[in-house]
Amino acid sequence: MRRFLIIGACVAAACHFPQKEATVAHTTPYHFDLPQWAVADTTLRMAIPYDNPTTVEGVALGRALFHDRALSANGTLSCASCHKQAHAFADPRAVSSGADGSTGRRNAQPLINLAWDHFFFWDARALSLELQAFEPVRGHREMGSDWGAVTDRLRHDPSYPGLFRAAFGDERIDSMRIAFALAQFERTLISLRSRYDRFAYEGDRTALNERELRGKDLFFTSAHCVDCHEPPLFDHHDVSNIGLDSLSADGGLGERTGMPWHWGRFKTPTLRNIALTAPYMHDGRFSTLEEVIDFYADDVRTGSPTLDPHMQPWVNGEVKLSEQDRADLAAFLRTLTDSAFVIDPRHGPAER
Ligand code: HEC
Ligand code: HEC
């Protein structure tokens, strides 16, 4: 899987992003605000394309665009309409409604720690953040706009030509620059400062209480959650079927590739800020963490033909969770909330 995606990413990058759009001389490199332990963690290597380095000016432009309704057909939606900062940039609605009022079939994912991700969307269809950003603007269920209309609108907004010049060297406004700037901004949405981080990486043994510690132990051992939700990011860069349904109505990766063995496989979500990103799963079917845990305890469809090999403990009937275990696991998941991130003014709309 991983090899397939990497090859795909190279092809996609080569097709869509010719090298001429490289660093602009007068820009300022962006300094990512990482906790010390994350700087030292050699497993954390950002996926930043050589032709779209992160700069202070590019991030400022991306931030303005992210919060601007001018990107949607009728001026009603910005990226932030569905990706809300208070919810770690996820959507509190099960499925989002687009600019034309129609509803989609998937839950909007949180936008956090994407600088370390290699594929995007529930079905892994976008292989870089640059490519990802092209989609919502045009998608009729999302912003329903077209690039000609968007670039025209931005040209008529007095603040944009200066922002584009600062980020890219001149005032030209085009879809590629918009996507590049959005990607730069999205990479700065880093959330690694939860109580769990204080406990696990900063030596504060008092950061978790007894119940949370019990939940943590279950998560990392007999409940097998860590098999796919691995720290520090609590994902495992894979696309899996966890047995939500015997036969998934939404094919996920399988709809993209046409491969029967990919049917019902979805991107493993991060569990960081999980208490803020309800509802849960690709279709937002569960409203609470308790419902999610009850699913893992009681309802995994072990007969699902494309069930992930990491679900073998469920097939073997090994995952047994008492009421106490479930409550403790939920308590542990709530320690993954980064309360400063969701009110950090650097990620909100800028004064323009
Ligand atoms: C109408 C609601 C809506 C709007 C507006 C919207 N999104 Fe999304 N976003 C979604 C949904 C729904 C998904 C999941 C879709 C899927 O996986 O098929 C998603 C997924 C994503 C992802 C993938 C995250 C991951 O972990 O793989 C990124 C990145 C993203 N959106 C960025 C943006 C940006 C940038 C904009 C503005 C240009 C935007 N979105 C506008 C609803 C929206
Ligand atoms: C086989 C890998 C795997 C294992 C093991 C696993 N998960 Fe998941 N988890 C996933 C995937 C994949 C999804 C998304 C599934 C979907 O939407 O179709 C998910 C979704 C979730 C969600 C919802 C996330 C969101 O943003 O909607 C939570 C919460 C969660 N898992 C917690 C747990 C807990 C707690 C355990 C242990 C009891 C666990 N997971 C075990 C892969 C796994």
Side-chain angles (χ1 to χ4, degrees), residues 1-9 12 82 90-91 93-96 102-110 114 117-127 131-132 135-136 139 141-142 219 223-230 233-271 274 277-319 321 329 333:
M1 179 69 211
R2 197 167 292 177
R3 196 187 309 156
F4 153 74
L5 287 169
I6 290 169
I7 294 168
C82 299
D91 192 341
R93 298 166 295 182
V95 291
S96 321
S102 69
T103 47
R105 58 176 182 159
R106 293 193 183 144
N107 182 239
Q109 292 149 304
L114 298 179
D117 243 336
H118 300 275
F119 50 85
F120 304 91
F121 292 122
W122 284 107
D123 52 13
R125 67 185 174 277
L127 297 167
L131 286 172
Q132 186 284 326
E135 193 172 306
R141 285 223 181 90
E142 289 164 339
F219 185 95
H224 287 277
C225 313
V226 73
D227 298 0
C228 300
H229 300 284
E230 286 169 39
L233 300 178
F234 289 87
D235 65 11
H236 73 156
H237 304 293
D238 210 341
V239 191
S240 329
N241 170 12
I242 55 172
L244 282 172
D245 304 291
S246 311
L247 186 63
S248 185
D250 184 338
L253 180 66
E255 287 184 16
R256 293 283 141 193
T257 62
M259 308 290 182
W261 58 92
H262 289 162
W263 196 264
R265 286 172 61 175
F266 294 90
K267 177 180 172 178
T268 305
T270 176
L271 299 184
I274 195 72
T277 64
Y280 303 108
M281 303 301 173
H282 64 270
D283 52 6
R285 68 176 66 188
F286 298 131
S287 324
T288 62
L289 285 175
E290 283 69 20
E291 285 176 37
V292 173
I293 292 169
D294 286 344
F295 153 76
Y296 280 110
D298 303 323
D299 279 337
V300 172
R301 302 300 149 108
T302 50
S304 178
T306 57
L307 194 72
D308 194 86
H310 290 93
M311 297 302 286
Q312 194 59 36
W314 279 265
V315 177
N316 300 348
E318 288 163 21
V319 179
L321 298 168
L329 259 180
L333 292 178

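Just so it is clear, the values below take in all heavy atoms, side chains as well, and ignore hydrogens, waters and symmetry mates.
- Atom CG in Asp283 sits 7.5 Å away from atom CG in Asp245 (nearest 0.5 Å).
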Could you go through Phe295 and Val300, starting from their C-alpha distance and side-chain angles, then the distance that decides it, and tell me whether this counts as side-chain contact (heavy atoms from CB on, under 4.5 Å)? CA-CA 6 Å; Phe295 153 76; Val300 172; 3.8 Å; yes
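- For Ser240 (side chain) and Ile242 (main-chain N/O), no donor-acceptor pair under 3.5 Å exists by modelled atom type.
- Between the side chain of Trp263 and the backbone N or O of Ser248, at least one donor-acceptor pair lies under 3.5 Å.
- Among residues two or more places apart in sequence or in another chain, the side-chain contact (heavy atoms from CB on, under 4.5 Å) test is passed with Ala94 by Pro279.
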Can Ser304 and Asn241 be said to form a side-chain hydrogen bond (donor to acceptor under 3.5 Å, both in side chains), step by step? CA-CA 8 Å; Ser304 178; Asn241 170 12; 2.9 Å; yes
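- The closest side-chain heavy-atom distance from Val292 to Met281 is below 4.5 Å.
- Of all heavy-atom pairs spanning Thr277 and Pro110, the tightest one is CG2-CB, 4.0 Å.
- Between the Trp122 side chain and the Arg106 main chain, no donor and acceptor come within less than 3.5 Å of each other.
- In this structure, Gly252 and Phe266 approach most closely via the heavy-atom pair CA-CE2, 3.5 Å.
- Between the CG atom in Leu127 and the CD atom in Gln132 there is a gap of 11.5 Å [rounded to 0.5 Å].
- Atom CG in Asn107 sits 10.5 Å away from atom SG in Cys82 (nearest 0.5 Å).
- Put simply, the side chain of His229 gets close to the backbone of Pro269: a donor and an acceptor are under 3.5 Å apart.
- Taken to the nearest 0.5 Å, the CG atom of Leu329 stands 10.5 Å off from the CD atom of Glu290.
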Please assess Leu253 against Phe121 for the test side-chain contact (heavy atoms from CB on, under 4.5 Å), listing each intermediate value before the final yes or no. CA-CA 10 Å; Leu253 180 66; Phe121 292 122; over 6 Å; no
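- For Phe219, the ring-ring contact (aromatic ring centres under 6.0 Å, His included) test picks out Phe234, Phe332, with sequence neighbours left out.
- Between Asp123 and Arg265 no salt bridge is recorded (no basic side-chain N to carboxylate O distance below 4.0 Å).
- Residues meeting the side-chain hydrogen bond (donor to acceptor under 3.5 Å, both in side chains) test with Asp235, sequence neighbours left out: none.
- Of the possible polar contacts, one joining the Tyr280 side chain to the Ile274 backbone as a donor-acceptor pair under 3.5 Å is found.
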Using the rule given for side-chain contact (heavy atoms from CB on, under 4.5 Å), can you reason through His224 versus Tyr296, listing the C-alpha separation, both sets of side-chain angles and the distance that settles it, and then say yes or no? CA-CA 10 Å; His224 287 277; Tyr296 280 110; over 6 Å; no
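- His236 has its ring centre less than 6.0 Å from the ring centre of His310.
- Ion pairing between Glu291 and Arg285 fails under the 4.0 Å rule for side-chain N and carboxylate O.
- By the salt bridge (Lys or Arg N to Asp or Glu O under 4.0 Å) test, Glu255 pairs with Arg105, sequence neighbours left out.
- Between Val239 and Thr268 the shortest side-chain heavy-atom distance does not fall below 4.5 Å.
- Within the structure, the salt bridge (Lys or Arg N to Asp or Glu O under 4.0 Å) test picks out the following pairs touching residues 297-318 (sequence neighbours left out): Asp298-Arg326.
- Contact check for Ile293 versus Leu333: side-chain heavy atoms found under the 4.5 Å cut-off.
- The CD atom of Gln109 lies 8.5 Å from the CG atom of Leu114; values are rounded to the nearest 0.5 Å.
- Listed by chain and residue number, Asp91 satisfy the salt bridge (Lys or Arg N to Asp or Glu O under 4.0 Å) test with Arg93 (two or more places apart in sequence, or in another chain).
- Annotation for Thr302 and Leu307: closest pair O-CD2, 3.8 Å, computed over non-hydrogen atoms.
- A distance of 11.5 Å separates CG in Asn316 from CE in Met311, rounded to the nearest 0.5 Å.
- The pair Asp117-Lys267 counts as a salt bridge, with a side-chain nitrogen and a carboxylate oxygen less than 4.0 angstrom apart.
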